[in-house]
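To start, the structure itself, in C-alpha cells.
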Protein chains: 2
Amino acid sequence: MTPNTQPDTLAAAQDRFIATWGQMGSAWGISRTMAEVHALLFIVGEPLCTDDVMERLEISRGSASMSLRALVDWGVVARAHKRGDRKEYFAADQDVWTLFRAVVRERMKREIDPLLASLFEIRDMTRGMDGGVHSEISEHNLRVDELLQFFEIAQAVGQRFISPSGEGLQAAAEILSKTPA
Amino acid sequence: MTPNTQPDTLAAAQDRFIATWGQMGSAWGISRTMAEVHALLFIVGEPLCTDDVMERLEISRGSASMSLRALVDWGVVARAHKRGDRKEYFAADQDVWTLFRAVVRERMKREIDPLLASLFEIRDMTRGMDGGVHSEISEHNLRVDELLQFFEIAQAVGQRFISPSGEGLQAAAEILSKTPA
DNA sequence: CGAGTCTTTCAATCATTCCTGAAAGAAGCA
DNA sequence: TGCTTCTTTCAGGAATGATTGAAAGACTCG
C-alpha cells in the first residue's frame, strides 16, 4: 500500500458522492451544479472558499457564486470566515434531518402553497353553479374539492414536519420504518 | 345568464386546472405536457381518445401518444374501449390517494433506489481504511453512513406507504394533519 | 482616498429536454 | 390477404434552462 492510497481513495469516493448527489439534485428540481456544490461542502465537512469550489468542481466563478448563494438562501450552507483572511468560506450543515427539513420547507413554499392558492381560485369559479347532484359542474366541484382536501393534509403534515416540534415526526418516521408492516 | 354561461365557465375552470397541474408537474420532474394530459383526463372524469386530447391541449399526435403511454405505465390512467369504436380511450383514476401512491412508487424507483445503491458502493470504497477515530476517512465514513441511514428510513416509510396496507399511513396522515402541533 | 482583493451580476453561449410530424407498424375487418 | 383506421416511433427542430466570463460592484486596509 503506497502512502498515497488513502488520500486518493478518499478523493475518489468524494467525487463519486458528488456525482451521485448531483444526479439526485436534477431529479429534485435543483440544478446539478448546485447539488454538486452542496455535495462537495457536505462530504469534505469543512469550510471551503469560492476558489476551492471552482477548482474541485471545474466550474466558473459565476456558477460557483450563484450556487453558493442559493444554498445559503436555502439555509443548508452557512457562511464562515477565517481570521486574517478576507475570503468568504462556506460550510454545509452536517445534520441530514436539518437538510431534509430545509428541502421540504423550500418545496412547500414553491409548490404546495401556490398550488393550493390556485385550487381555491378554481373552486370559486364554479361555486354555487351546481345544477343538481349529477350535473357536470357538481362532479367537477367534487373532484376539485377532493384535491383540495388532499393538499391541505399534505401542507399540514409538511408544516408539522418542518416546525421545531418536527423532531417528533422524525422519531415517528424512524419507528415506522422499523415496525413490520 | 345566457344558456352558455355554465359550460363556458366549466371549460375555463378546467383549463385553469390543467395549467396549474401542468406547472406542478414540471416541479415534480414530470414533463409539463404529460401532467397536462393527466390533468385533462382527471378533471373531465370520463374517457377521452387521443384526438380529443390533441384538440383540447393543442399538442401533436406523437406527444399525446407518448404522454398517454407514460401515464398508463405509471398506473394513473387506464385504457378503455367503447363498443363499436376501434379507437382507444383513456381514463384517469379518480382517487387522489391512489394517484399519490403511484407518484411515490415511481419516484422511489427512479430516485431513492439508485441513490441507495450508489451510497452503498461509496461506503465500500473506504471500508476498513479508517486510520483512527479522528482521521479524515473515519469522518467521511460517518457522513456517508448517516446519509445511508436516512435514506433507508425514507425507503422504508415510502414502501410502507405504497404497500396495500398503506391505507394505514393515509389515515395517520389525516389524523396528524388535524391534531394541533 | 485609492489600490487591491473578493463577490455578484448578466448578456451571450451552450446543453438538455421536449415536441413535432411524417413514416412505419399494428390491429381489425371484409 | 389487402384495405382501412388507429397507434407508436424517432430524427430533427424548438424551447427552456444552465453556465460562462468579463465587467461592475462592494468591501478592507494602509
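Here is how names work: the chains are called A, B, and so on, in the same order as the sequence lines, proteins then strands, and each is numbered from 1. Just so it is clear, the model here is predicted, and its values are computed rather than measured.
- Counting only N and O atoms by type, the side chains of A/Ser60 and A/Ser63 include no donor and acceptor under 3.5 Å apart.
- Out of C/dT7, C/dG21, D/dT19, the shortest distance to the side chain of A/Arg61 is found at C/dT7.
- Within the structure, a side-chain polar atom (N or O) of A/Ser63 is placed less than 4.0 Å from OP1 or OP2 of D/dT20.
- Checked for salt-bridge contact, A/Arg143 and A/Glu146 miss the test: no charged N lies under 4.0 Å from a carboxylate O.
- For the pair B/Glu55 CD and D/dC6 P, the computed distance is 13 Å after rounding to whole Å.
- The closest side-chain heavy-atom distance from B/Val144 to B/Thr126 is not below 4.5 Å.
- Taking the charged nitrogens against the carboxylate oxygens, A/Arg32 and A/Glu36 do have a contact shorter than 4.0 Å, which makes a salt bridge.
- For B/Thr50, taking side-chain heavy atoms from C-beta onward, the closest of the listed nucleotides D/dT7, C/dT8, D/dT19 is D/dT7.
- Separating the CD1 atom of A/Ile59 from the P atom of D/dT20 is a distance of 6 Å, rounded to the nearest angstrom.
- Straight-line distance from the CD atom of B/Glu58 to the C1' atom of D/dA15: 17 Å, rounded to whole Å.
- Each of D/dT9, D/dG21, D/dA18 was ranked by its minimum atom distance to the side chain of B/Met66; first place goes to D/dT9.
- Comparing A/Ile30 and A/Gly62 by the nucleotide of DNA chain D that holds the closest heavy atom to each, the one mapping nearer the 5' end is A/Ile30.
- For the pair B/Asp51/B/Lys87, a side-chain contact is recorded, criterion being any heavy-atom separation below 4.5 Å from C-beta on.
- Residue-environment remark: CD (B/Glu111) exceeds the threshold of 12 foreign heavy atoms within 6.0 Å.
- One interatomic measurement links the two molecules: CG of B/Asp51 to P of D/dT5, which rounds to 13 Å at whole-angstrom precision.
- Within residues 69-91 of chain B, the residues having any heavy atom closer than 4.0 Å to DNA chain D are, in order of number, B/Arg69, B/Arg79, B/Arg86, B/Lys87, B/Glu88.
- If you check every strand for non-hydrogen atoms under 4.0 Å, B/Ser31 touches sugar and phosphate atoms only.
- Residue A/Ser65 places at least one side-chain N or O under 4.0 Å from the OP1 or OP2 atom of C/dT8.
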